[in-house]
Every structure is written in C-alpha cells, then in structure tokens.
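Counting starts at 1 for both ligands and their atoms, in listed order. What you see is a predicted model, and the numbers here were worked out from it, not measured in a lab.
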Amino acid sequence: MQISHMNKGDGDTSYAKNSLFQNKILSLSSSMVECAIDKIMSEVHPKSMEVADLGCSSGPNSLTKVYEIIHIVDVVSRRMGLPIPELRVSLNDLPCNDFNLVFEMLPELYNKVNNDYGIESCYVCGVPGSFYGRLFPNNSLHFVHSSMSLHWLSQVPLDLEPSVGSHINKENIYISKCSSENVVKAYQRQYQDDMSLFFKLRAKEIVVGGRMVLSFLGRRSPEPRATEACYNCEILSLALMSMALDGLIEKEKIDSFNLPSYLPSQEEVEHEIEKQGSFKVERVEGFEMEHIKDPNNLNETTGSLIAKILRSVMEPMFMSHFQFKLEMSDELFVRFVKLYDHRISQAEFLSFVWVFSLSKKMD
Ligand code: SAH
C-alpha cells in the first residue's frame, strides 16, 4: 500500500508532468458531475457542502476538477436563485502521496475562485489514508468524486501469493490473455472484497441523497483477459522477461510480482453496487480513449507516450520490488517502447474508461 503511489515531485518522470491522459479523463465526467450537484442542491439543500476527491494524487489534475466543481456549484446556485453554499473540499490519497505539490497550488486556486466567483468560503484540506478504510465521519459528505483511482486494489490478491510451492502467475505482472482461471479468480475475489468494502464505507459517510461520480479504467468485454484490459501489462511483462533473459533481473522476481490493480466490466461493478445495496446507479458511460499526444512533441510514438504514463504511475512499485536503480528503470521502458511500437503498427490500441454516477438511497 505504501508504494502504490505515483512518482513524486515535478521532474521529467513525475506523475505531475505525465498526467495529460488522466486530465482528459476528468472532462468525461463533467455532465454527470453537473447533474449530481444539481440534484444534491435541489433535494438535500446543504447550507455547507462537503465534497471529497478520492485518490487526488500529486499533479494539477485534482485542483482542476475542484475548480470545475466550484464553477458548477456557482452555476447551479444562480439557476436556483440560492446563495452559493460554503464548500469544504477534502483531497484524499495514500499517506505517502506527495500532497505538498498540491498544497503549493492552493493559493492560486483560492485567488481564481475569489476573482471569478467572489467565493471566499471554500476550504480545501488533505485527508491522508486509504479509501478502503474509513476517512470521514458518519453522514458528513454530500458529493464524492474519484478519477482514475478505483482500479487500484487494496493489495495484491492474496491467492496469488503461494504459501508453499511455486507462483501461479509466472512471467506476468497482471492477468494476460493466457492466464489460468486461478489467476483470474484471485483477481476477481480481491476486487469483489475491495469494492464491497468501498461501498459499505462510503454508505456510512455519505448523506442520504448524496452522490458519487467515479471514473476508472475498465473493460468493455465481460472477459477479464480482453485486450483493452491486459495489453499494456502484457508488453511490460515481455520487456521484463527480455531483461531476465539478458541476465539483468532474476526471473523469480517477475514470477513473484503482481500488480494490485483490476480493470472491471460494467456488470462486475454493478454487481458489487447491488450486492452492497446502499447506492442506486443513476448513469453509466463507457469511453474508448485514444492516448493524447503532447502538443510540444507531436512526433512522439504511441509506445513512448504510454511508457511515460506507465512509468510515472508504476515506477515506485518496480523500484521497490526489483530493487531497481534508475538506469534499470530507463532500460525497462526503452524495451517497452520498442516492443510496443513494433506491435502497435498492426492495430491502434485504446484504453477503456467507465464513468459511474451513483446516489445514496434512503436507509
Ligand atoms: N485523480 C488523479 C490521480 C489518479 S492516479 C487524476 O485524475 O489525475 C491514482 C491515485 O490513486 C494515486 O495518487 C494513488 O496513490 C491513489 N490511490 C491508489 N489506491 C488508493 C487508496 N487505497 N486510497 C487512496 N488513494 C489511493
């Protein structure tokens, strides 16, 4: 849990500098966020509105979304002829997240909100902790937002760790198209446990009529081995294996590494929501995402673009498990780019993102 945070700081390989793709995903949920806030204000009438962003990370993205949420609250309040409520926005991430980088941008946000909307009563705070644990008091939240975080599990699926004998997901770091049923089941069990806990905890923290808008990576297909869920990790596994063949890392280290992540289908998410029982699905949309080129570097290949995103997200995990020095991480992603660009010429690849809008039902 301590290492599933993104690359810190604002250097070349940081999350802050490599999260344009995640930034694009933020805009996919805008109409659902507007609809959710409209309903909260017309049905719950909060005088003071409590908002949380779960998995805020360390770049500019979270405050971009906070600004948008404040803009929407302003628009909806005007439309209803109501004074704009006081706002408290809680930014949550794991304790090892680089919160400082976000906090340094806060004065700019406060100024902008004050200049654009004359709003002085907006209070942003940090809430370090796992969203697979309690974060807020009972019945205290009106609106929960989370983008690109909920495909992270609370831990590597326990059933993948052998108590005796050999590893069951050899030569792979996630589910692959050749994975056995045991590997798939281990991931599914962990996902189900985590999601049922997530919805149970949020049901305690969110007021009746409160809403959540959640965006995360997933898959269109019911098949967990589908290309849109597995492709990037298959290529990363191949790059790692080629390093093992060249004697740069131990193969056993690859066999024992598994990502704490799961990319669900619509049915899997809905099943967990229904089973827990406190939330109603108001709207679901799925998006096929193209990777976004950096406008300053339009000749960059897709492989290089994806390598930068994956590196900013996964490097802390690789460094810790493989005891990598920086040169080894460079080597891994150079190999990834070669493998990716060689294959991608045959079929352009897209990631798949779900956006769910949920409301809390009466108890
Ligand atoms: N919402 C941001 C960041 C997405 S990156 C954006 O849209 O750009 C995913 C974030 O989720 C990371 O910062 C990671 O540390 C955080 N995360 C992963 N598991 C978490 C957990 N269990 N509790 C809280 N945050 C978590």
Under a 4.0 angstrom heavy-atom cut-off, which atoms of ligand 1 come close to [X]?
X    : answer
Q22  : 8 (O)
S57  : 3 (C), 13 (O)
N92  : 24 (C)
F131 : 19 (N), 20 (C), 21 (C), 22 (N), 23 (N), 24 (C), 25 (N), 26 (C)
G129 : 23 (N), 24 (C)

Side chain or backbone, does [X] bring an N or O within less than 3.5 Å of an N or O on ligand 1?
X    : answer
S130 : yes
M148 : no
W152 : no
L26  : no
Y132 : no

Using only heavy-atom distances, determine whether the side chains of Y67 and D116 contain a donor-acceptor pair under 3.5 Å.
->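 Looking only at side-chain atoms, D116 and Y67 do form a donor-acceptor pair, the distance falling under 3.5 Å.
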
Ligand 1 versus [X], non-hydrogen atoms closer than 4.0 Å: side chain, backbone, both, neither?
X    : result
V313 : neither
N61  : side chain
S146 : neither

Can D53 and K65 be counted as an ion pair, charged N to O under 4.0 angstrom?
->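 No, D53 and K65 are not salt-bridged.
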
When you measure from atom 10 (C) of ligand 1 to each heavy atom in S154, C96, S149, which option holds the nearest one?
->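 Considering heavy atoms of S154, C96, S149, the nearest to atom 10 (C) of ligand 1 sits in S149.
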
Atom pair [atom1] ([X]) and [atom2] ([Y]), whose distance is rounded to the nearest 0.5 Å:
X    : Y    : atom1 : atom2 : value
E285 : M32  : CD    : CE    : 4.0 Å
N258 : Q155 : CG    : CD    : 12.0 Å
S58  : N97  : OG    : CG    : 5.5 Å

Which is it for E228 and S221 under the side chain to side chain donor-acceptor pair (under 3.5 Å) test, yes or no, and what are the steps along the way?
-> CA-CA 8 Å; E228 71 263 28; S221 161; 5.0 Å; no

Test of ring centre spacing under 6.0 Å for Y231 and Y340 |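 Yes, the ring centres sit under 6.0 Å apart.
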
Does a sphere of radius 6.0 Å around CZ in R79 hold more than 12 heavy atoms from other residues, nucleotides or ligands, not counting ones at 6.0 Å or beyond?
->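 It does: R79 CZ has more than 12 such atoms within range.
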
Backbone N or O of V51 within a donor-acceptor pair of the H145 side chain at under 3.5 Å?
->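 No.
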
Does ligand 1 have an atom that lies less than 4.0 angstrom from a heavy atom of C56?
->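 Right, C56 reaches ligand 1.
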
Which of parallel (below 30°), tilted (30 to 60°) and perpendicular (above 60°) describes F198 and F131?
->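 Rings of F198 and F131: perpendicular, as their planes differ by over 60°.
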
